[in-house]
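Below you'll find the structure, written out as structure tokens, and then a few comments.
This structure is a prediction, so every number in the text was calculated from the model and none was measured. Note that the numbering runs from 1 along the sequence shown for the chain. Note that ligands are numbered from 1 as they come in the structure, with each ligand's atoms numbered from 1 the same way.
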Amino acid sequence: MSRKLRVGVAGYGVGQGHIYALQRLADQFEVVAICDIDEAKLRHAADGHNISATTTDFAELCARDDLDVIDICTPTYLHVAQTLQTLAAGKHVICEKPVAGSLKQVDELIQAEAESDRRVMPIFQYRFGHGLQKLKLLVDKKVTGQAYLSTVETAWRRRPAYYAAPWRGKWETELGGALVTLAVHAHDVLYYILGPAKSVFARAKTMVNPIETEDCISASLEMANGSLASLSVTTGSAQEITRHRFCFSGLAAESNIAPYQNTSDPWTFTGDSPEISERIESTLARFEPLPEGFEGQFFRFAQALQQNTELPVTLLDARVALELITAVYHSARTGRPVDLPLGHDHPLYAGWQP
Ligand SMILES: NC(=O)c1ccc[n+]([C@@H]2O[C@H](COP(=O)([O-])OP(=O)(O)OC[C@H]3O[C@@H](n4cnc5c(N)ncnc54)[C@H](O)[C@@H]3O)[C@@H](O)[C@H]2O)c1
């Protein structure tokens with residue numbers, strides 16, 4: 001095993017979950033330093049995780065010569081500048097979603113990564129749930145057949161307290177609403193299994209909370225593989241669920257509905273014939289579970305760096321997710337379907353913010 005990756009974590013909101021995961025992977029990572037502009041949080045984090053090096057200054061974190069990776073868990077509007085700053089300091093980047101607020105910005109990040117000898121990994125930790133990984137295995141082993149129709153529901157509940165954080169609910173700082181911040185995970189799961197969409201029609205509204213950005217979305221997609229998909233998103237669901245349902249010629253796959261763990265087990269896979277059910281069973285008997293969630297993504301990140309292979313989530317994955325977001329907003333505002341991919345001359349290429 002090569003030397004552990006030494007990590008500095010910036011932002012102690014969801015950063016707490018990152019640190020727990022990194023510290024559980026003690027053979028691969030060491031969390032050396034933590035940064036937050038809120039001194040009380042910083043002290044609490046340092047004590048709670050036994051991390052001695054702390055700073056309130058992101059530039060100081062970047063300047064440390066004992067770090068291999070900076071893990072950016074700060075509010076969304078800081079991600080692009082801090083990613084560029086980290087690459088310029090010669091360190092790998094892990095960055096929370098969304099990495100950027102436009103296709104133009106993500107293209108700048110792709111270029112900056114290519115010009116550096118470092119790597120940038122956006123976070124999409126839901127990819128690594130065991131239920132979803134089983135479906136991925138069935139797809140890779142060609143058990144699923146042709147994709148017909150998929151449904152993705154992100155029905156969560158966000159009350160006014162959630163929007164008390166001053167950066168939330170605003171175009172300038174959260175960069176978007178439920179589409180950008182919440183449903184981006186479930187939509188990435190769809191793309192992870194089926195690839196990107198080629199056409200989108202969407203409606204978006206703000207109904208649940210008095211915020212600038214949208215909190216309800218309904219979208220109809222035609223995927224590049226020819227199948228159809230529908231997305232529904234709300235922050236007003238008294239019962240919180242996330243659900244994925246994939247209907248293929250060979251089988252129907254349905255996730256559990258735990259809102260924040262629906263890609264984990266259990267999923268149900270129903271074969272369209274006894275023979276296919278047997279193939280499902282024999283394929284899944286060979287499933288080898290790896291860690292899930294943040295831990296699953298970081299585990300694969302360390303392996304990819306060590307073996308010089310593709311990262312488990314790339315900037316190109318983030319780019320297609322941002323392209324879908326751009327298309328949904330454009331369709332909702334124009335009332336027309338939008339064809340993908342979007343060119344550099346698209347009116348929202350430089351940003352979907354109104
Ligand atoms: N992957 C996931 O499941 C997931 C879950 C929650 C949030 N997120 C993403 O993580 C990001 C942060 O969200 P959150 O809910 O943790 O927000 P938060 O407001 O709870 O935490 C952000 C932290 O960053 C700190 N901060 C602000 N400016 C900073 C700076 N310049 N340098 C260092 N620290 C700074 C704040 O003081 C705060 O402690 C967002 O982009 C969000 O979309 C992802």
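Counting heavy atoms from C-beta outward, His49 and Tyr12 have side chains that approach closer than 4.5 Å. Residues Glu323 and Val320 are in side-chain contact: their nearest non-hydrogen atoms beyond the backbone lie under 4.5 Å apart. Within the 4.5 Å cutoff, the side chain of Leu342 has heavy atoms near those of the Leu103 side chain.
Counting the atoms of ligand 1 from 1 in the order shown, those under 4.0 Å from a heavy atom of His79 are 41 (O). In summary, the atoms of ligand 1 found under 4.0 Å from a heavy atom of Ile123, numbered by their order in the structure, are 1 (N). Here is the list of ligand 1 atoms found below 4.0 Å of a heavy atom in His185: 1 (N), 2 (C), 3 (O). For ligand 1, the atoms lying closer than 4.0 Å to a non-hydrogen atom of Lys41 are 38 (C), 39 (O). The distance from ligand 1 to the heavy atoms of Cys73 drops below 4.0 Å at these ligand atoms: 12 (C), 22 (C). Taking every non-hydrogen atom of Gln82 and a distance limit under 4.0 Å, the qualifying atoms of ligand 1 come out as 30 (C), 31 (N), 32 (N).
Each of Glu96, His92, His18, Met121 was compared with Asp71 under the side-chain contact (heavy atoms from CB on, under 4.5 Å) criterion, and only His18 meets it.
Taking atom 20 (O) of ligand 1 as the reference point, the nearest protein heavy-atom neighbour is Gly13 CA, 3.7 Å. In terms of protein heavy-atom proximity, atom 3 (O) of ligand 1 is nearest to Gln125 NE2, 2.9 Å. For atom 27 (C) of ligand 1, the nearest non-hydrogen atom of the protein is Pro75 CD, 3.4 Å. Considering only non-hydrogen protein atoms, atom 19 (O) of ligand 1 sits nearest to Trp167 NE1, 3.0 Å. Here the protein heavy atom with the shortest distance to atom 41 (O) of ligand 1 is Thr76 OG1, 2.8 Å.
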Would you check, one step at a time, whether the test salt bridge (charged side-chain N to carboxylate O under 4.0 Å, His left out) holds for Glu254 with Arg245?
CA-CA 4 Å; Glu254 185 156 354; Arg245 196 164 196 294; 2.8 Å; yes
What do the steps show when you test Glu275 against Arg279 for salt bridge (charged side-chain N to carboxylate O under 4.0 Å, His left out), and what is the final call?
CA-CA 6 Å; Glu275 295 73 31; Arg279 278 193 71 202; over 6 Å; no
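Although no hydrogens or angles enter the test, the distance criterion places no donor-acceptor pair under 3.5 Å between the side chain of Glu222 and the main chain of Ala197. Judged by distance alone, with hydrogens and angles left aside, the side-chain atoms of Thr56 form no donor-acceptor pair with the main-chain N or O of Ile37 at under 3.5 Å.
Taking the six-membered ring for Trp and the full ring otherwise, the centers of Trp171 and Tyr329 sit less than 6.0 Å from each other.
Of the heavy atoms in Leu78, only side-chain atoms (C-beta onward) come closer than 4.0 Å to ligand 1. Only the side chain of Arg168 comes within contact range of ligand 1, with a heavy atom under 4.0 Å; no backbone atom does. Contact annotation for Ile37 and ligand 1: heavy atoms of both the backbone and the side chain come within less than 4.0 Å of the ligand.
In this structure, Cys35 has a heavy atom closer than 4.0 Å to ligand 1.
When the heavy atoms of Asp36, Asp38, Leu42, Thr74 are ranked by distance to atom 37 (O) of ligand 1, first place goes to Asp36. One option in Glu96, Glu174, Lys97 has a heavy atom closer to atom 42 (C) of ligand 1 than any other, and that option is Lys97. When the heavy atoms of Val14, Leu182, Thr55 are ranked by distance to atom 4 (C) of ligand 1, first place goes to Val14.
Taking 4.0 Å as the cut-off between side-chain N and carboxylate O, Asp68 and Arg3 count as a salt-bridged pair. A salt bridge between Glu60 and Arg64 is absent, with no side-chain N of the basic residue lying under 4.0 Å from a carboxylate O of the acidic one.
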